[in-house]
Number of protein chains: 2
Amino acid sequence: MDPRTHTVLIEIAAALLATEGPQALSTRRIAAEAGTSTMAVYTYFGGMSGLVREVVHEGFQRLERHLTAVRSTSDPVADMALLGRAYRMNALANPHLYSVMFGGASLSGFSLTDDDRQHGRYTLTSVVECVAKCVAAGRFADADVAHVAHQMWIATHGLVTLELGGYLAAPLDGEALFEPQLVALMVGAGDRPDAATRSVRSSRRRIERELSPQAG
Amino acid sequence: MDPRTHTVLIEIAAALLATEGPQALSTRRIAAEAGTSTMAVYTYFGGMSGLVREVVHEGFQRLERHLTAVRSTSDPVADMALLGRAYRMNALANPHLYSVMFGGASLSGFSLTDDDRQHGRYTLTSVVECVAKCVAAGRFADADVAHVAHQMWIATHGLVTLELGGYLAAPLDGEALFEPQLVALMVGAGDRPDAATRSVRSSRRRIERELSPQAG
DNA sequence: ATTGTTGCATAACGGCGATATGTTTAGCAC
DNA sequence: GTGCTAAACATATCGCCGTTATGCAACAAT
C-alpha cells in the first residue's frame with residue numbers, strides 16, 4: 001500500500017473533474033495519467049465510486065476551509081455576506097465538483113451516502129454561528145437560528161446552482177442578484193433594510209480591498 | 001416516419017427516467033421496451049442526447065402547465081405561495097427529471113443548449129406576473145420586479161435541490177422550511193411580517209382543502 | 001417495372017466499469 | 001541466505017454502453 005499512489009489518484013481525479021468535467025473521469029484515463037493500471041483504483045478505493053467519494057470529501061473539506069477562513073469583522077451581518085461570498089466563489093471556482101457534491105450529478109452510478117451528506121451539513125455550522133451573532137447583536141429578530149441559517153444556505157445554494165446551470169443570464173446574472181438576495185433575506189430575518197444594505201455593501205468593499213493587492 | 005413511435009419513445013424514456021433514474025436511460029433498454037431497435041432513437045432524435053432533450057422539453061412544459069394551473073385568489077401574496085408550492089410539488093413528484101432540467105445531471109454527455117435553458121426561463125413569467133400583482137396591491141415594495149421574482153425562484157429552487165439531494169433532514173426538512181423561507185423573502189420584498197405569514201398559511205389551507213376530496 | 005428513399009433490424013466498433021487471472025514484489029519467520 | 005504469504009499491480013476478459021455501418025424490406029415517384 002503506497003500512500004503516495006493513493007493521494008496521486010485522488011489528485012488526478014480531482015484535476016480531471018475540475019478541468020474536463022465528470023465524463024472525463026474513467027478508471028482507464030486516471031490509471032493512464034497516474035502511470036499505473038486500472039486495478040489501482042480498485043485496490044485503493046474499491047471502484048470508481050469510492051474514488052469519487054474521496055474527491056467529494058476533499059471538496060467538502062475545501063469548502064469548510066474557505067468558510068472558516070472568513071475573518072469576522074465588527075459587523076456580524078457583513079460577516080454573513082462574506083460567508084455567502086466565500087461559498088459562492090468556492091462553488092464557481094469548482095463548478096463540476098460542486099455539482100457532484102450537491103447536485104447529485106449521477107456519474108456512472110455514483111451516489112452519496114448519508115455519511116457523505118453529513119459532511120455537507122457541516123457547511124451549516126459556520127452559518128449558524130454567524131446567525132447567532134447577528135441575533136446577539138440585535139440585528140436579526142430572535143427567531144429560530146437554525147431556520148434562518150438554512151434560509152441563507154438554501155438561497156445561496158439556489159443562486160449558485162442556477163448560475164452554474166446557465167439559467168441566470170446577463171444582465172440579471174448571479175453577480176447582480178447576489179447582494180439584493182442577501183439583503184432581502186436579512187430583512188426577512190429582522191434586520192432593517194438600510195442597515196442590511198450597508199452591511200452587504202461594506203462586505204463587498206472589503207473583498208475588493210483584499211483582492212486588489214493580489215491583482216496589482 | 002411514424003409519429004406514434006416518436007411519442008412512444010419519449011414517453012418510455014420519461015417513464016424510465018422517472019421510475020429508475022438516469023442510469024436506466026439507454027438506447028437498448030428504450031428500444032426493447034418500445035419493441036423496436038436502437039436505430040429508432042437515431043432516426044427520430046439523432047442520438048440519446050436528442051431524446052433526452054425532448055424529455056426535458058416535456059418536463060419544462062409540464063412545469064409550466066403546473067404553474068399556470070394555479071388559480072389566482074384575491075390575495076396576490078398567497079398566490080405567490082401557491083406558485084412556490086406548485087413548483088416544489090412538481091419537482092418532488094419528478095425528482096430525476098428536475099435534476100436533468102436544472103441540475104445539469106450529466107448523463108452520458110448530455111448537456112443543455114441555450115435554447116433549452118430559454119424554456120426553463122419561461123418558468124419565471126408566472127412569477128414575474130405574480131410579483132407585479134403584489135406590488136400593484138401595495139403588498140410588496142415598488143422595487144425591481146425581476147429581481148424579486150428571481151429571488152423567489154432562486155430560493156425555491158435551492159430548497160428543492162437540497163431537498164432532493166437529501167441535505168434537508170427531519171426535523172428541519174423541506175416541508176418545515178418552505179413556509180418560513182417564503183415569509184422571509186416576502187418580508188424582504190416589503191410585505192409586513194404578520195401579513196405575509198397569514199397569506200402563506202392561507203395558501204397552505206387552500207391546498208389542503210383542495211386535496212382532501214381527492215384523498216377521501 | 002425500376003429507381004431512390006425511408007425505416008428499421010443486425011452486426012460491429014471503441015470505450016466504459018468491473019472481475020478473473022496471472023505475475024511481480026515486499027515483508028517476514030527461520 | 002531460503003521459503004512462504006500476502007499485497008500490489010498487469011493483463012485479459014466480460015457485459016454493457018453510445019454510435020456507426022451495412023443490409024434489407026416497404027414504399028413513392030417516374
Side-chain angles (χ1 to χ4, degrees), chain A residues 1-56 96 99-100 104-113 116, chain B residues 1-56 96 99-100 104-113 116:
Chain A
M1 170 91 165
D2 185 6
R4 267 183 306 149
T5 310
H6 183 91
T7 8
V8 163
L9 287 177
I10 297 179
E11 287 170 1
I12 289 179
L16 277 176
L17 179 62
T19 57
E20 303 188 36
Q23 60 180 341
L25 281 182
S26 79
T27 57
R28 286 165 172 82
R29 175 80 184 272
I30 293 168
E33 305 239 349
T36 175
S37 82
T38 64
M39 278 307 298
V41 176
Y42 291 88
T43 59
Y44 286 115
F45 309 99
M48 198 60 202
S49 299
L51 177 52
V52 173
R53 201 175 308 280
E54 297 281 342
V55 173
V56 166
H96 298 301
S99 283
V100 179
S106 61
L107 46 96
S108 78
F110 168 77
S111 66
L112 293 90
T113 68
D116 301 329
Chain B
M1 171 88 166
D2 185 6
R4 267 182 307 150
T5 310
H6 182 91
T7 9
V8 163
L9 286 176
I10 298 180
E11 286 171 1
I12 288 179
L16 277 176
L17 178 63
T19 57
E20 303 189 34
Q23 60 178 340
L25 281 181
S26 79
T27 57
R28 287 166 174 80
R29 175 80 186 272
I30 293 168
E33 305 238 348
T36 175
S37 83
T38 64
M39 279 306 298
V41 175
Y42 290 86
T43 58
Y44 287 114
F45 308 100
M48 196 63 200
S49 298
L51 177 52
V52 174
R53 199 174 309 281
E54 298 280 343
V55 173
V56 166
H96 297 301
S99 283
V100 178
S106 61
L107 46 95
S108 77
F110 169 76
S111 67
L112 292 92
T113 67
D116 302 329

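Residue numbers start from 1 in every chain, and the chains themselves are labelled A, B, ... in the order their sequence lines are given, proteins ahead of strands.
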field: Base-contact (B) and sugar-phosphate-only (S) positions in nucleotides 10-20 of chain D, heavy-atom cut-off under 4.0 Å, - elsewhere
entry: BB-B---BBBB
Could you state the [atom1]-[atom2] distance from [X] to [N], rounded to the nearest angstrom?
X       : N     : atom1 : atom2 : value
A:His6  : D:dA8 : NE2   : C1'   : 15 Å
A:Ile30 : D:dC9 : CD1   : P     : 15 Å
A:Arg4  : D:dA8 : CZ    : C1'   : 14 Å

query: Closest approach of B:Leu51 and B:Phe45, non-hydrogen atoms and distance?
result: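 Looking at all heavy atoms of both residues, the closest pair is N-CB, 3.5 Å.
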message: Ignoring hydrogens, what is the shortest heavy-atom contact between A:Gln23 and A:Glu20? Give both atom names and the distance.
response: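 Nearest heavy atoms, A:Gln23 then A:Glu20: CG-O, 4.5 Å.
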N/O donor-acceptor pairs under 3.5 Å from side chains in residues 8-17 of chain B, not counting sequence neighbours:
none

Gap separating the OH atom of A:Tyr44 from the OG1 atom of A:Thr36, nearest 0.5 angstrom: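 Those atoms lie 7.5 Å apart.
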message: Please enumerate all residues that pass salt bridge (charged side-chain N to carboxylate O under 4.0 Å, His left out) together with A:Arg28, with sequence neighbours excluded.
response: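 For A:Arg28 there are no salt bridge (charged side-chain N to carboxylate O under 4.0 Å, His left out) partners, ignoring immediate neighbours.
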